[in-house]
Amino acid sequence: MSRLAPVSEEPVDEESARDCSKRGRSWRGWLRTHLSFAFSKKTNHLKVLLSVLGCPLFPVSVHQKTPVNEVSSSAQYIVQHFTAATGCRKLDGRVKNMFATGKVVMAMAEEVGPIGASAAAATAAMASSVSQQKGCFVMWQMLPDKWLIELVLGDQKVVAGSNGSMAWRHTPWLGTHAAKGGVRPLRRALQGLDPLTIAAIFSTSEYMGEKKIGDADCFVLKLSADQTDLSDRSDSTAETIKHAAFGYFSQKNGLLAYLEDSYLTRIQSPGTHPMYWETSIATQIRDYREVDGVMIAHSGQSSAIITRFGDDNLRAGPAVTRLEETWIIDDFAFNVPGLSVDSFIPPKDVRKDHFPSDDDWKSPLD
């Protein structure tokens, strides 16, 4: 029985991925040799958008522990201000689950060009090659670690979930894959949809100062994945070097106004030069509305920048690709009747190929 490959948040191509599997090469090996193809074909736009923006995970888990002496009083004050502003304290012990539906519009450009190109040239490249796709999603969550999302974009659909002990994702081109490392929350839920988890996860954050986002003065809190978690997400061909997130909380109303995270991955197959991926996603969070006495964000816009460098084929310098998403929430509810732990059972092919041993996950997966 072959081992289950980890979830990739990078774009992939269906036909080449099948060939890769037949040759027994890891997904990262395929990514290393077919990267330029995946980015140059417009037919892959849907796959790129869904892989990067569809259902990414947050850098850290809800249960990440930080020594008390490393948690600043400023961060604690900002989180307390946020809980008061959203009214989420009243959810403790009263809310068992949540449900949301929404619409998305995603777009991507071809290669914007090497870093250092003029802003005008980059904008022109984006405008001339943009490809918009409309879609919708439905999300269920049972606090704190069980969640499920289905997102349709164009004629493709991704499904991802967590049963509290492992996260997984299914795509039409790769099938079902389990995520490496510990269970982490869905990033989309932290875009103003789950104030309880936002408060819990930023309660161990580091205060970074103040910054103006648009017209809003914000306090900035930082979270970073620790070295143990980064190692659990890595193997002999791909190393996750860093993954950090920044939350920008409005000084005026205390709400989360902007969410930003970035991760850097080093990919190297035997006998080749290393290649680096840096993916940054920034989300403006807007339109907070009251749902059962709790403030929930109902719209926003995300922008992802994918930067690749170090590859022999990128002699002109780092290549940059830009993705965009706008989203709105159509319906939101707490305590959906009939939702239970059975709703978050992963697909059978994930369960039967999932190896609970840490040693299994730390070896190369083919």
Rounded distance [0.5 Å steps], [atom1] in [X] versus [atom2] in [Y]:
X	Y	atom1	atom2	value
Ile198	Phe58	CD1	CZ	8.5 Å
Gln156	Leu46	CD	CG	6.0 Å
Ile78	Ser205	CD1	OG	7.5 Å
Leu174	Thr171	CG	OG1	4.0 Å
Ile241	Glu278	CD1	CD	9.5 Å
Asn97	Met142	CG	CE	5.0 Å

Kindly give the heavy-atom pair with the smallest separation between [X] and [Y], and that separation in Å.
X	Y	result
Gly87	Val294	O-CG2, 3.8 Å
Ile296	Pro195	CD1-CD, 3.7 Å
Phe99	Val138	CE1-CG2, 3.5 Å
Gly293	Lys90	O-NZ, 3.2 Å
Ile329	Ala297	CG1-O, 3.7 Å
Val159	Lys157	CG2-CE, 3.9 Å

Given side chain to side chain contact (heavy atoms under 4.5 Å, CB included), test Tyr263 with Leu230 step by step and report yes or no.
CA-CA 10 Å; Tyr263 64 92; Leu230 293 176; over 6 Å; no
Short N-O contact, Asp287 and Arg289, less than 4.0 angstrom
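Here Asp287 pairs with Arg289 in a salt bridge, since their nearest N and O are under 4.0 Å apart.
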Looking at Lys180 and Asp232, does any basic side-chain N land under 4.0 Å from a carboxylate oxygen?
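No, no charged N to carboxylate O under 4.0 Å.
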Ile201 vs Leu223, test: side chain to side chain contact (heavy atoms under 4.5 Å, CB included). Steps then yes/no.
CA-CA 9 Å; Ile201 208 163; Leu223 288 163; 4.2 Å; yes
Any donor-acceptor pair under 3.5 Å from [X] side chain to [Y] backbone:
X	Y	result
Ser343	Leu339	no
Ser224	Ala244	no
Asp292	Leu91	no
Asn163	Phe344	no
Ser234	Thr240	yes
Thr272	Gln268	no

Given side chain to side chain contact (heavy atoms under 4.5 Å, CB included), test Gln191 with Ser302 step by step and report yes or no.
CA-CA 10 Å; Gln191 294 172 185; Ser302 296; 4.0 Å; yes
All N/O donor-acceptor pairs, side-chain side in residues 246-255, below 3.5 Å, sequence neighbours left out:
| unit_1 | atom_1 | unit_2 | atom_2 | d |
| --- | --- | --- | --- | --- |
| Tyr248 | OH | Glu260 | OE1 | 2.9 |
| Ser250 | OG | Lys252 | N | 3.1 |
| Ser250 | OG | Asn253 | N | 3.3 |
| Ser250 | OG | Asn253 | OD1 | 3.2 |
| Gln251 | NE2 | Glu210 | OE1 | 3.2 |
| Asn253 | OD1 | Leu255 | N | 2.9 |

Donor-acceptor pair between [X] and [Y] side chains, under 3.5 angstrom:
X	Y	value
Ser303	Arg322	yes
Arg233	Thr265	no
His298	Arg286	no

Go through Met139 and Leu148 one step at a time and tell me if the side chain to side chain contact (heavy atoms under 4.5 Å, CB included) criterion holds.
CA-CA 6 Å; Met139 183 177 70; Leu148 181 68; over 6 Å; no
Identify which one of Leu53, Val105, Val104 satisfies the side-chain contact (heavy atoms from CB on, under 4.5 Å) criterion when paired with Trp327.
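For Trp327, the side-chain contact (heavy atoms from CB on, under 4.5 Å) test succeeds with only one of Leu53, Val105, Val104, which is Val104.
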With the 4.5 Å side-chain cut-off for hydrophobic clustering, are [X] and [Y] part of the same group?
X	Y	value
Met98	Leu151	yes
Val152	Trp173	no
Leu196	Phe332	yes
Val336	Val341	yes
Trp147	Val95	yes

Contact between [X] and [Y] at the side-chain level, heavy atoms closer than 4.5 Å - yes or no?
X	Y	result
Ile267	Thr237	no
His45	Met108	yes
Asp261	Arg187	yes
Lys96	Phe334	no
Pro185	Leu190	yes
Leu193	Gln141	no
Gln301	Thr283	no
Thr279	Ser262	no

List the steps, then state whether side chain to side chain donor-acceptor pair (under 3.5 Å) holds for Arg184 with Ser61.
CA-CA 4 Å; Arg184 293 174 281 153; Ser61 70; over 6 Å; no
For the residue pair Tyr276 and Phe309, does the interplanar ring angle fall in the parallel (under 30°), tilted (30 to 60°) or perpendicular (over 60°) class?
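Tyr276 vs Phe309 ring planes: parallel.
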Can you name the residues that form a side-chain contact (heavy atoms from CB on, under 4.5 Å) with His81, not counting sequence neighbours?
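Not a single residue meets the side-chain contact (heavy atoms from CB on, under 4.5 Å) criterion with His81.
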